[in-house]
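Report on the following structure.
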Amino acid sequence: MQALRIANYKVIKGTFPELADEAKGMLSTFKAQPGFIRYGLADTGQGTCLSISLWESNAEAEAAAPVAATWVSEHLADRVELRSNQVGDLAFYEGAPAAV
């Protein structure tokens, strides 16, 4: 069963597009971690954003939390504040085929 990690951040300096550009740097760090599948960042409005990552297992998603915290402290410490971190098993994650 795959696992999802969601981290909620308060943006304390700069704009979401600036933050998103910088956060793309996290992708290479996550790609080097066991079990990594996907990563993205979402603007949830009112100066908050969500870091969303998908992992092969709950243990790998849990292990990503301190990796992410280190990366954020090194690259975004003055721009975001962690509000919450959650990891859970993903029951399903389906979509529709893309229209061409």
Side-chain angles (χ1 to χ4, degrees):
M1 181 175 285
Q2 294 177 336
L4 184 70
R5 175 183 174 267
I6 299 174
N8 183 317
Y9 291 94
K10 175 73 176 166
V11 179
I12 55 176
K13 179 180 174 188
T15 66
F16 178 78
E18 293 168 344
L19 183 64
D21 266 354
E22 188 73 25
K24 287 178 185 175
M26 174 78 83
L27 189 55
S28 61
T29 299
F30 275 165
K31 282 181 177 179
Q33 302 306 305
F36 172 76
I37 299 172
R38 289 189 169 292
Y39 164 69
L41 192 68
D43 183 354
T44 51
Q46 299 178 348
T48 62
C49 63
L50 292 178
S51 169
I52 305 163
S53 54
L54 187 60
W55 301 85
E56 290 179 10
S57 73
N58 193 290
E60 290 162 334
E62 290 284 357
V67 171
T70 298
W71 190 92
V72 168
S73 72
E74 292 173 356
H75 297 93
L76 299 173
D78 65 331
R79 302 178 72 186
V80 297
E81 177 182 294
L82 180 65
R83 292 294 173 92
S84 67
N85 178 69
Q86 297 172 302
V87 170
D89 292 328
L90 193 58
F92 67 91
Y93 188 53
E94 298 291 331
V100 179

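Computed over heavy atoms, backbone and side chain alike; hydrogens, waters and symmetry mates excluded.
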For a quick test of reading the model, state the closest non-hydrogen atom pair linking Gln33 to Val67 and the distance between them. OE1-CG2, 3.7 Å
Applying the 4.5 Å side-chain criterion to the ILVMFWY set and letting contacts propagate, would Val11 and Leu50 be lumped into a single cluster? no
Output all residues satisfying side-chain hydrogen bond (donor to acceptor under 3.5 Å, both in side chains) with Glu22, sequence neighbours left out; order by chain, then residue number. none
Can you list the residues that meet the side chain to side chain contact (heavy atoms under 4.5 Å, CB included) rule with Ala23, with sequence neighbours excluded? Tyr39, Leu41
Just grab all the side-chain hydrogen bond (donor to acceptor under 3.5 Å, both in side chains) pairs involving residues 43-53, residues at least two apart or on different chains. Thr44-Thr48, Ser53-Trp55
What pairs with Arg83 under side chain to side chain contact (heavy atoms under 4.5 Å, CB included), at least two apart in sequence or on another chain? Asn8, Lys10, Glu81
What salt bridge (charged side-chain N to carboxylate O under 4.0 Å, His left out) pairs are there with at least one residue in residues 58-78, not counting sequence neighbours? Lys13-Asp78
With a 3.5 Å cut-off and sequence neighbours excluded, list the donor-acceptor pairs that the side chains of residues 85-97 form with protein atoms.
unit_1 : atom_1 : unit_2 : atom_2 : d
Asn85  : OD1    : Arg5   : NE     : 2.8
Asn85  : OD1    : Arg5   : NH2    : 3.1
Asp89  : OD1    : Asn58  : ND2    : 3.2

d(His75 NE2, Thr70 OG1) to nearest 0.5 Å is 11.0 Å
Rounded to the nearest 0.5 angstrom, the CE-OG distance for Met1 and Ser57 is 12.0 Å
Are Val80 and Leu27 connected in a single hydrophobic cluster, I mean Ile/Leu/Val/Met/Phe/Trp/Tyr linked by side-chain heavy atoms less than 4.5 Å apart? yes
So do the side chains of Val72 and Tyr9 get within less than 4.5 Å of each other, counting heavy atoms only? yes
Mind checking whether Leu54 and Phe30 sit in one hydrophobic cluster, side chains of I, L, V, M, F, W, Y counted as touching below 4.5 Å? no
What distance separates Lys31 NZ from Arg38 CZ, expressed to the nearest 0.5 Å? 10.5 Å
